[in-house]
Participant: 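My questions will all concern the structure given below.
Note that the structure is predicted; figures quoted are calculated from it, not measured.
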Amino acid sequence: MPNKKTIFIPGWMHTVRFYGDYEGLDIWTENINPQEKIEAEYIIAYSIGANFSLLNWEYNKNTKLILVNPLIGNRSFFDWSWRWFQYYLKEGNIPDKNINRKKFILSGIKKAYRILKNDFEKIVKEIPNEKLIIIKGKKDNFYFDDKLCDSLKNNCQLFIEVENAQHNWNEFLKREVDKLI
């Protein structure tokens with residue numbers, strides 16, 4: 001992989017293009033191994049894409065991470081699925097015109113299962129504070145709870161809560177990311 005300043009990793013069943021003008025890895029449409037070293041100064045990763053980037057960091061320990069609404073917490077796949085269902089009913093998942101969901105849904109579910117079965121709280125605790133920034137939509141009530149927020153605030157260089165954001169990617173989350181890079 002080429003050496004870049006930033007690489008973006010998208011959330012569930014989205015492409016990099018969906019998020020704007022970032023360069024990145026389309027983990028839902030391509031077969032990308034999380035153990036393969038990503039040559040970048042920063043990995044910007046959203047939602048379950050943040051979990052992919054945490055796995056990559058665990059194997060390579062070479063980048064700074066900017067995680068936006070990561071799915072951190074030791075939960076079962078059933079619990080994650082239930083939380084996604086609640087999110088879908090209340091906030092909705094914005095469709096991405098760049099991906100054929102019918103074509104990639106089964107492989108996407110398998111990838112999500114393999115990603116989410118890891119202990120991300122353990123990985124976060126291993127990352128030096130200066131290599132981790134977390135951005136959270138203040139109204140993301142589906143994947144974050146107060147206990148988890150308090151724990152994460154102590155394990156990163158910067159913990160930013162974005163007032164006008166829930167879990168879905170929006171202009172306010174993008175603005176916070178862009179300020180950092």
Side-chain angles (χ1 to χ4, degrees), residues 1-72 93-94 96-99 104 108 111-112 114-116 118 120-138 140 143-144 149 151-181:
M1 287 186 201
N3 191 350
K4 305 278 183 192
K5 180 175 181 184
T6 62
I7 293 290
F8 191 94
I9 300 176
W12 169 249
M13 299 301 288
H14 283 89
T15 60
V16 174
R17 285 192 314 180
F18 177 78
Y19 298 91
D21 56 355
Y22 300 109
E23 290 190 48
L25 304 175
D26 284 319
I27 64 171
W28 305 108
T29 59
E30 299 173 22
N31 194 12
I32 300 172
N33 184 340
Q35 295 179 20
E36 186 178 337
K37 190 174 187 177
I38 299 172
E39 295 293 343
E41 185 177 342
Y42 291 96
I43 294 177
I44 304 162
Y46 168 72
S47 191
I48 194 170
N51 298 66
F52 181 95
S53 73
L54 286 166
L55 287 176
N56 183 270
W57 188 92
E58 183 178 37
Y59 289 107
N60 298 290
K61 298 174 177 46
N62 67 315
T63 61
K64 295 177 185 173
L65 302 175
I66 300 173
L67 308 181
V68 182
N69 287 336
L71 307 184
I72 300 174
N93 187 6
I94 302 169
D96 181 349
K97 298 177 289 195
N98 302 309
I99 190 170
F104 293 104
K111 287 177 186 181
R114 284 194 308 265
I115 290 170
L116 289 174
N118 293 279
F120 293 103
E121 287 183 62
K122 176 182 160 274
I123 297 170
V124 166
K125 288 177 181 172
E126 293 173 5
I127 300 173
N129 286 7
E130 66 275 4
K131 289 193 170 239
L132 180 62
I133 297 171
I134 296 177
I135 300 173
K136 175 200 180 291
K138 192 165 188 154
D140 182 357
Y143 303 111
F144 272 93
C149 280
S151 166
L152 292 174
K153 286 176 184 176
N154 296 325
N155 289 321
C156 61
Q157 173 186 0
L158 191 57
F159 187 95
I160 301 167
E161 287 189 275
V162 179
E163 189 66 40
N164 298 316
Q166 292 177 300
H167 186 75
N168 276 339
W169 182 261
N170 67 22
E171 65 188 76
F172 301 104
L173 293 170
K174 182 176 181 359
R175 193 175 304 145
E176 289 300 323
V177 168
D178 290 345
K179 283 184 203 174
L180 296 168
I181 55 173

Participant: If you count every heavy atom of other residues, nucleotides or ligands that lies below 6.0 Å from K64 atom NZ, does the total exceed 12?
Facilitator: no

Participant: Enter the distance from T29:OG1 to D26:CG here, rounded to the nearest 0.5 Å.
Facilitator: 4.0 Å

Participant: With E163 as reference, evaluate K138, R175, K136 under the salt bridge (Lys or Arg N to Asp or Glu O under 4.0 Å) test and give the passing residue.
Facilitator: K138

Participant: In terms of relative ring orientation, are W28 and W12 parallel, tilted or perpendicular, with 30° and 60° separating the classes?
Facilitator: perpendicular

Participant: Treating N69 as the side-chain partner and N168 as the backbone partner, does any N or O pair qualify as donor plus acceptor under 3.5 Å?
Facilitator: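 It does not hold such a pair.
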
Participant: So, N118 side chain and N51 main chain: donor-acceptor pair closer than 3.5 Å or not?
Facilitator: no

Participant: Return yes if some donor-acceptor pair links the side-chain N/O of Y19 with the main-chain N/O of H14 below 3.5 Å, else return no.
Facilitator: no

Participant: Determine the sole option in I44, V177, I66 for which the side chain to side chain contact (heavy atoms under 4.5 Å, CB included) test with F8 is passed.
Facilitator: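 With F8 as partner, I44, V177, I66 yield a single side chain to side chain contact (heavy atoms under 4.5 Å, CB included), made by I44.
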
Participant: Please list, chain by chain and in numerical order, all residues satisfying ring pair (Phe, Tyr, Trp, His ring centres under 6.0 Å) with F120, sequence neighbours excluded.
Facilitator: none

Participant: Test S53 against every option in I27, I7, I43 by the side chain to side chain contact (heavy atoms under 4.5 Å, CB included) rule and name the one that passes.
Facilitator: I43

Participant: Let me see the working for D178 and Y22 under side-chain hydrogen bond (donor to acceptor under 3.5 Å, both in side chains), right down to the final yes or no.
Facilitator: CA-CA 10 Å; D178 290 345; Y22 300 109; 2.8 Å; yes

Participant: Please evaluate residues E176 and K179 with respect to the criterion salt bridge (Lys or Arg N to Asp or Glu O under 4.0 Å), reporting the C-alpha separation (whole Å), side-chain torsions for both, the decisive distance (0.1 Å), and the verdict.
Facilitator: CA-CA 5 Å; E176 289 300 323; K179 283 184 203 174; 3.1 Å; yes

Participant: Donor-acceptor pair, distance only, cut-off 3.5 Å: does the side chain of D140 make one with the backbone of A165?
Facilitator: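 Side chain of D140 to backbone of A165, a donor-acceptor pair under 3.5 Å: no, none is there.
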
Participant: Rounded to the nearest 0.5 Å, what's the gap from OG1 on T15 to CE on M13? Could you check?
Facilitator: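 So the gap between those two atoms works out to 10.5 Å.
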
Participant: Side-chain contact test, heavy atoms from C-beta onward, threshold under 4.5 Å: evaluate it for P70 versus I134 and give yes or no.
Facilitator: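 Result yes, sub-4.5 Å side-chain heavy-atom pair found.
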
Participant: Distance from I123 atom CD1 to E58 atom CD, nearest 0.5 Å?
Facilitator: 4.0 Å

Participant: To the nearest 0.5 angstrom, please state how far the OH atom of Y59 sits from the CG atom of L54.
Facilitator: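 Taking OH in Y59 and CG in L54, the distance rounds to 12.5 Å.
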
Participant: When rounded to the nearest 0.5 angstrom, what is the spacing between NE2 in H167 and OH in Y46?
Facilitator: 3.5 Å

Participant: Are N170 and N164 side-chain neighbours, meaning at least one heavy-atom pair lies under 4.5 Å?
Facilitator: no

Participant: Under 3.5 Å, sequence neighbours excluded: what are the donor-acceptor pairs made by side chains of residues 124-133?
Facilitator:
from: E126; atom 1: OE2; to: K122; atom 2: NZ; distance (Å): 3.3

